[in-house]
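What follows is a short report on a single structure.
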Amino acid sequence: MRQSLHAHGFVVEPRSYSRQLLKKWSGSQLFCPQCGGAVYYRHGLFVTPHFAHAANSECGYGEPETAEHQAGKQWLQNWLEQLYPANDTRREVYVEEIRQRADVLTIFPNGQRLCIEYQCSPIEVAELRKRMDGYEQAGIAQIWIMGKSVFSGRPVNRFRLQGWEKVIWERQKVLYLFDSLERHNLDVLAHIFQVQGKKTVFACQDRCEWPLLSLKVTANGRVVHLDDSPVMEETARTSAIPKRKFLARKAAVTQRKKERASDFLSHPLRQFALARVGDCLSHPVFNQKLEGDQLFRIDHRLWQSYLFLTEIHKAYQKKAVYATGTKIPHLFLKHILTRDDRFPERPFRSVVTKYSDHRLADDRHVKAVHVLVYEYFCRLEKLGFLRNITPHKERITPPGMLFGRFEVLFDQFCPGAFGDTEAEIRQFFRQRNLCYLNGRWFEQKQNSLELLNLS
């Protein structure tokens with residue numbers, strides 16, 4: 001735990017007092033805010049300073065947290081500090097009048113308080129209601145955000161809600177999912193309704209995803225855009241209309257999947273890939289499943305392999321320039337996807353024109369081509385093939401992804417050389433400091449270069 005109570009009644013945090021004083025108080029004058037038991041000060045070279053119960057304690061306060069929960073609280077604290085620099089914003093704040101600990105609490109200059117609870121694991125319904133009622137009694141505005149891992153494996157358009165999740169939805173009328181480990185985006189699930197005849201099955205009519213830093217939370221716990229415009233249009237809708245739209249969309253998606261599956265084996269883009277890299281379309285480099293890619297009438301492996309071979313791989317074939325080691329080839333999404341007289345026609349534009357259905361562009365559940373390409377390049381960055389050099393101001397919003405820039409860090413795709421799974425590929429690039437010179441890969445070791453054999 002990050003906070004404890006002193007015997008004289010004040011709150012103690014490790015960063016506020018010296019180690020010598022904390023060691024003196026440890027075990028005798030420091031107590032748990034939850035159970036009142038004695039706690040001990042702990043720190044070390046690899047351990048963050050904190051307080052811990054004695055061995056065999058049954059108190060759950062301050063129990064070990066997941067990496068998702070820790071990272072999420074840090075992101076949410078930084079978010080509030082950026083939005084309201086004049087506020088007093090802290091993590092794991094003990095609210096004495098209701099004997100509860102808030103994940104993140106901010107106090108406005110006028111004394112108004114707002115807490116954010118980041119829930120990454122199931123919680124008893126009775127305990128959840130007790131915490132919500134406690135904040136209301138104390139006059140503290142509250143917002144509950146769930147970890148993205150909570151919804152892993154569940155489609156966002158039709159899902160079952162557990163008891164505690166239903167309590168949060170009934171109070172907020174909207175669900176927030178925050179990905180604190182990878183994309184740092186906030187998913188907003190609005191206009192949720194119960195499927196007729198199903199007690200625990202719900203459907204979501206509107207869903208959007210925004211970078212956390214492009215949003216703000218108001219003092220009363222409402223998430224809006226930075227210009228105070230609503231994230232979702234709040235219009236009254238009947239339950240019959242959403243159900244019809246939901247069923248129509250589901251039928252269209254099912255039909256699109258069948259067409260993709262039947263067309264995959266005979267598609268000319270598959271023959272194009274087979275002629276260059278063989279039957280490797282199931283490799284992680286070509287098989288990145290992205291949500292919202294219904295705009296393409298072809299399988300994701302086809303457009304990703306074509307984009308990889310005609311743009312990424314081709315960029316590295318400019319060896320006459322790069323062989324000197326002075327310039328790394330770059331990829332610009334704007335040059336790939338938009339027509340410009342300064343640049344010749346790019347092959348991937350013909351794929352976008354021929355195999356995409358732009359009539360679906362107005363659907364909130366369907367992503368634009370430039371957003372899909374940007375997300376695919378970001379996946380390749382995690383595997384070690386690219387490096388994202390897009391200026392931060394240009395990647396804040398989805399439309400800004402059109403101006404994405406990436407460096408190409410490899411020369412060719414060698415099936416099996418870098419690995420057959422995403423974990424193996426990441427491990428390969430993580431363990432080696434690679435350099436490409438004069439058409440060959442070298443591994444940098446201290447002050448020398450060693451030829452890398454990829455056969």
Under a 3.5 Å cutoff, is there a donor and acceptor pairing between the side chains of Gln288 and Arg379?
yes

Check whether any side-chain N or O of Trp303 sits under 3.5 Å from a backbone N or O of Val351 as a donor-acceptor pair, and report yes or no.
no

Run the side chain to side chain donor-acceptor pair (under 3.5 Å) test against Asp279 and tell me which residues pass, sequence neighbours left out.
none

Side chain to side chain, Ile140 and Leu114, heavy atoms closer than 4.5 Å:
no

Under the side chain to side chain contact (heavy atoms under 4.5 Å, CB included) criterion, do Thr106 and Asp88 qualify, and how do the steps go?
CA-CA 5 Å; Thr106 184; Asp88 180 15; over 6 Å; no

Is there a side chain to side chain contact (heavy atoms under 4.5 Å, CB included) between Leu213 and Gln82 once you walk through the steps?
CA-CA 9 Å; Leu213 299 182; Gln82 179 176 334; 3.8 Å; yes

Sidechain-backbone polar pair: Gln304 side chain, Arg301 backbone, donor-acceptor under 3.5 Å:
no

Quick check for you: to the nearest 0.5 Å, what is the distance between Tyr355 atom OH and Arg297 atom CZ?
9.0 Å

Mark yes or no for whether His184, through its side chain, and Ser180, through its backbone, hold a donor-acceptor pair below 3.5 Å.
yes

From CZ (Arg387) to CG (Leu380), nearest 0.5 Å
14.0 Å

Picking from Arg91, Glu92, Arg90, what satisfies side-chain hydrogen bond (donor to acceptor under 3.5 Å, both in side chains) with Gln77?
Arg91

Tell me whether Ser229 contacts the main-chain N or O of His225 through its side chain, where contact means a donor paired with an acceptor under 3.5 Å.
no

Taken to the nearest 0.5 Å, the spacing of Phe332 CZ from Phe403 CZ works out to 12.5 Å

Nearest heavy-atom neighbours spanning Leu83 and Leu215:
CD2-O, 3.9 Å

In short, Tyr118 meets Glu68 closest at the heavy-atom pair CE2-O, 3.4 Å

Would you say the ring centers of His283 and Phe308 fall short of 6.0 Å from each other?
no

If only atom types and distance count, is the side chain of Ser305 paired as donor or acceptor with the main-chain N or O of Phe286 below 3.5 Å?
no

Just checking, Arg160 and Phe202: is the charged tip under 6.0 Å from the six-membered ring centre and within 45° of the axis?
no

Given side chain to side chain donor-acceptor pair (under 3.5 Å), test Gln142 with Trp144 step by step and report yes or no.
CA-CA 7 Å; Gln142 56 186 300; Trp144 291 77; 2.8 Å; yes

CG of Leu386 to CD of Glu407: how many Å apart, nearest 0.5 Å?
9.5 Å

Could you report the tightest heavy-atom contact between Ile389 and Phe406, atom names first, then the distance?
CG1-N, 4.0 Å

At what distance, to the nearest 0.5 angstrom, does CD1 of Ile123 lie from CH2 of Trp164?
8.0 Å

Decide side chain to side chain contact (heavy atoms under 4.5 Å, CB included) for Leu128 and Gln119; before the verdict, give the C-alpha distance in whole Å, the side-chain angles of both, and the deciding distance to 0.1 Å.
CA-CA 10 Å; Leu128 178 60; Gln119 198 67 32; 5.7 Å; no

With distance as the sole test, does Asn87 use its side chain to make a donor-acceptor pair with the main-chain N or O of Thr89 at under 3.5 Å?
no

Would you say the side-chain atoms of Arg113 pair up with the backbone N or O of Ile107, donor to acceptor, closer than 3.5 Å?
no

Test item: Tyr374 and Thr390 side chains (from C-beta on) under 4.5 Å apart, heavy atoms:
yes

Keeping the roles fixed (side chain from Gln172, backbone from Val174), state whether a donor-acceptor pair exists under 3.5 Å.
yes

Considering only NZ, NE, NH1 and NH2 on the basic side and carboxylate oxygens on the acidic side, decide whether Lys148 and Glu182 come within less than 4.0 Å.
no

With rounding to the nearest 0.5 angstrom, report the CG to NZ distance, Asn78 to Lys73.
13.0 Å

Heavy-atom nearest pair, Ile425 first then Gly419, reads CG1-O, 3.8 Å

Does Arg276 count as lying over the ring of Phe272, i.e. NZ or CZ under 6.0 Å from the six-ring centre, within 45 degrees of the axis?
yes

Evaluate Arg131 against Glu117 for salt bridge (charged side-chain N to carboxylate O under 4.0 Å, His left out), listing each step before the verdict.
CA-CA 10 Å; Arg131 294 179 64 84; Glu117 288 288 350; 2.7 Å; yes

Looking only at heavy atoms, which two atoms of Cys115 and Leu105 are closest? And how far apart?
CB-CD1, 3.7 Å

Residue pair Arg426 / Leu383, side-chain heavy-atom distance below 4.5 Å
yes

Heavy-atom side-chain proximity of Phe264 to Leu302 below 4.5 angstrom:
yes

Is the shortest side-chain heavy-atom distance between Ile298 and His300 below 4.5 Å?
no

Flag yes if more than 12 heavy atoms outside Gln271 fall under 6.0 Å of its CD atom; otherwise flag no.
yes

Would you sort out whether Val150 and Glu165 count as a side chain to side chain contact (heavy atoms under 4.5 Å, CB included), showing the intermediate values?
CA-CA 10 Å; Val150 172; Glu165 297 169 337; 3.1 Å; yes

Minimum heavy-atom separation for Arg405 and Asn388, please, with both atom names.
O-OD1, 3.3 Å

Judged by atom type as modelled, is there a donor-acceptor pair below 3.5 Å linking the side chain of Ser214 to the main-chain atoms of Trp210?
no

Between Tyr376 and Val371, is there a side-chain heavy-atom distance shorter than 4.5 Å?
no

With Tyr176, which of Ile116, Ile143, Leu189, Asp187 fulfils side chain to side chain contact (heavy atoms under 4.5 Å, CB included)?
Ile143

For Lys367, is there an ion pair with Asp293 - N to carboxylate O distance below 4.0 angstrom?
no

Under a 4.5 Å cut-off applied to non-hydrogen side-chain atoms, are Leu186 and Ile145 in contact?
yes

Does the distance from a Lys or Arg side-chain N to an Asp or Glu carboxylate O, for Asp228 and Lys216, drop under 4.0 Å?
yes

Side-chain contact, heavy-atom cut-off 4.5 Å: Leu175 with Ile192?
yes

Ring-face cation contact, Trp169 with Lys173, 6.0 Å cut, 45° max:
yes

Check this for me: does any side-chain nitrogen of one of Glu375 and Arg183 sit under 4.0 Å from a carboxylate oxygen of the other?
yes

